[in-house]
Amino acid sequence: MKETVLSGIRSTGNLHLGNYFGAIRNFVKMQQEYNCYFFVADWHSLTTHPTPADLHGNVRTVLAEYLACGIDPEAATLYVQSDVPEIAELYLLMNMNAYVGELQRTTSFKDKVRKQPDNVNAGLLTYPVLMGADIIIHRANKVPVGKDQEQNIEMARKFARRFNTLYGIEYFPEPEGFSFTGNLIKIPGLDGTGKMGKSEGNAVNLADDEKTIRKKVMSAVTDSGPTKKHQKPAEPIANLFALMDVVSTPDTVAHFKHLYSECDIRYGDLKKQLAEDILKVTLPIRERILGISNDSAYLKKVVRLGAEKARESAGKTLREVREIIGFREF
Ligand code: TRP
């Protein structure tokens, strides 16, 4: 039997190169080998964005972008979280076995308390419970997410294990974080610091037009140039090379690394080349995003199919869970 892989993305912004190279490109390969569930976590987005101007539009954008990257709604199950009410019921049940103390101690909760002191809602506290429900509702084994989600996966394992122990049955598999390629690649942003992220404001979006991408890349942070021959590039230049590593040909990368090592590099040329090679990746995706976004009939079909498949699997789990806990029909 194929193992089950599941991943969710919050509907709070556009997908960027970091999402693509860090995760989605691998999802496209995984969907053939595994039983894959990919979903838009629109309930989760309410913990930080309770009144988005256009919630539906945001969900639609992420869906269109997922599809444009090559997620195949027939091979994988691609759905919207709020279309699957079974998740909410499992979340309710799992809340009975989650302890306030352990939830208060998670780093992401403490982080959010600091970031939004005026809106420390219970949804933030129980975020890991909902995420656990997302995962175990399809009895997923593998969750391909970045390092920042490790603690949430650890909580999901704990909730699964606790359920099994409490009811004396090996029902839920303990999910684990998973990297398809073996090593998690970190895609840096253009500001010379950490990773590319939508909240960091340093991202190249898949839907960006040509002019925007050239402008973003040309204004990426650099330094005043190498001072010694054969010196290894450090941030921020190392970041540009890391980006180049994923979008450019090995020859191109070697060429610019050589120039750097000989102190002959002109950052303007490097950036021009980088922009060119990023565009080769993103422009075809952008074209598809535009096409799919305009095709409401197709999106509707995809979402219906996804909801149907997701609810079938979720419904089965929930019937079994009710039975295990002891809820019976009269
Ligand atoms: N917490 C994840 C994030 O912020 C999104 C998410 C919600 C998720 N439910 C999930 C990821 C289940 C993997 C599995 O990126």
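Both ligands and their constituent atoms are indexed starting at 1 by order of listing.
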Gln149 N/O under 3.5 Å from ligand 1 N/O: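 The answer is yes, given that Gln149 and ligand 1 share an N or O pair closer than 3.5 Å.
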Atoms of ligand 1, numbered as shown, that sit under 4.0 Å from any heavy atom of [X]:
X: Val145; result: 11 (C), 13 (C)
X: His44; result: 7 (C), 9 (N)
X: Phe39; result: 9 (N), 10 (C), 12 (C)
X: Tyr127; result: 1 (N), 2 (C), 3 (C), 4 (O), 5 (C)
X: Leu6; result: 12 (C), 14 (C)

Check the side chains of Ser11 and Asp42 for a donor-acceptor pair under 3.5 angstrom, ignoring hydrogens and angles.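 Ser11 and Asp42 do not have a side-chain donor-acceptor pair below 3.5 Å.
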For the residue pair Gln151 / Thr107, report whether a side-chain donor-acceptor contact shorter than 3.5 Å exists.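 Present: a donor and an acceptor within the cut-off.
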Using the six-membered ring wherever Trp is involved, compare the ring planes of [X] and [Y] and label them parallel, tilted or perpendicular (cut-offs 30° and 60°).
X: His44; Y: Tyr127; result: tilted
X: Tyr34; Y: Phe178; result: perpendicular
X: Phe39; Y: Tyr79; result: parallel

For residues 238-247, which side-chain donor-acceptor pairs fall under 3.5 Å, sequence neighbours excluded?
from, atom 1, to, atom 2, distance (Å)
Asn239, ND2, Thr193, O, 3.1

Taking non-hydrogen atoms only, is [X] closer than 4.0 angstrom to ligand 1 via side chain, backbone, both or neither?
X: Trp43; result: neither
X: Val143; result: side chain
X: Asp148; result: neither
X: Gln81; result: neither

Test salt bridge (Lys or Arg N to Asp or Glu O under 4.0 Å) on Glu323 and Arg319; report intermediate values, then the result. CA-CA 6 Å; Glu323 182 73 30; Arg319 278 193 299 281; over 6 Å; no
